[in-house]
Amino acid sequence: MGPGCRRRTPTSSSRCWARSLGLIGTLLVIALFLVLAYAGIRVARETKEPFVRYCSFGIVIWLLGQMIINVGMVLALLPVIGIPLPLVSYGGSSLLPTLAALGLVIGFARREPAAARALKQRRRARSAGLSARG
């Protein structure tokens, strides 16, 4: 890694992995964040419960906002304020609430009608396979 990668702060760690991965890797990380955002917005759109809709949409805005601010800091377009890149930056104090929020979105997604049917079919197929072997 380069000379700027010795000191560990949220912004410097983003610079370090961006240097290590290059343009393709950096675009891949940003694309994965956009996939997470699409999944969260899809959960918010498909549900009929207002709490699930507002909560999942708020989590998506929170994570995308952190990503945009962090990328802006790394590109020197925004002032450095120390917001870490979710799921990537050094430090665990931001990782715990991020994982809890993503766990909520996953829980909400499992309660979607189409996902619930798919999970039920999977359980039936799995249990049918076990009883056929016995």
Side-chain angles (χ1 to χ4, degrees):
M1 295 209 192
C5 295
R6 291 191 182 111
R7 203 178 56 168
R8 295 258 186 194
T9 64
T11 307
S12 69
S13 66
S14 297
R15 275 191 202 123
C16 288
W17 66 258
R19 276 188 197 156
S20 300
L21 296 176
L23 178 65
I24 303 295
T26 303
L27 292 177
L28 180 66
V29 169
I30 291 173
L32 290 174
F33 271 106
L34 294 177
V35 167
L36 278 174
Y38 171 75
I41 289 172
R42 183 171 171 255
V43 168
R45 213 175 9 151
E46 297 294 323
T47 188
K48 299 203 183 332
E49 298 177 35
F51 175 75
V52 173
R53 177 174 289 134
Y54 296 142
C55 190
S56 57
F57 188 69
I59 289 169
V60 167
I61 294 298
W62 166 38
L63 294 177
L64 275 184
Q66 269 192 313
M67 190 256 320
I68 289 169
I69 290 171
N70 189 282
V71 169
M73 288 186 306
V74 170
L75 295 176
L77 298 174
L78 295 172
V80 177
I81 56 175
I83 292 180
L85 186 64
L87 303 171
V88 178
S89 288
Y90 177 76
S93 62
S94 174
L95 184 64
L96 186 64
T98 302
L99 289 176
L102 289 175
L104 276 173
V105 173
I106 290 170
F108 295 152
R110 289 181 64 138
R111 291 187 350 195
E112 275 185 21
R117 280 193 302 273
L119 288 171
K120 192 180 286 187
Q121 286 177 345
R122 181 196 240 176
R123 276 189 225 122
R124 273 194 221 130
R126 201 177 280 169
S127 65
L130 290 175
S131 63
R133 287 186 209 167

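Each residue takes its place number in the sequence, starting with 1.
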Nearest heavy-atom contact between Met73 and Gly82 is SD-N, 3.7 Å
Please find the pair of heavy atoms, one from Pro97 and one from Ser93, that lie closest to each other, and give the distance.
CD-O, 3.3 Å
Starting from the C-alpha separation in whole Å, work towards a yes-or-no answer on side chain to side chain contact (heavy atoms under 4.5 Å, CB included) for Val88 and Asn70.
CA-CA 11 Å; Val88 178; Asn70 189 282; over 6 Å; no
Side-chain donor-acceptor contacts of residues 29-50 below 3.5 Å, not counting sequence neighbours, with atom names and distances?
from, atom 1, to, atom 2, distance (Å)
Thr47, OG1, Glu49, N, 3.2
Glu49, OE1, Arg111, NH2, 3.0
Glu49, OE2, Arg111, NH2, 3.3

Could you tell me whether the side chain of Leu85 reaches within less than 4.5 Å of the side chain of Val74, counting heavy atoms only?
no
So CG of Leu119 and CD of Glu112: to nearest 0.5 Å the spacing works out to 10.5 Å
Contacts under 3.5 angstrom, residues 56-64 side chains, donor-acceptor by atom type, not counting sequence neighbours:
from, atom 1, to, atom 2, distance (Å)
Ser56, OG, Val52, O, 2.7
Ser56, OG, Arg53, O, 3.4

Single-linkage hydrophobic cluster, 4.5 Å side-chain cutoff, Leu77 and Ile68 together
yes
Is the number of heavy atoms from other residues, nucleotides or ligands under 6.0 Å of Ile24 CD1 greater than 12?
no
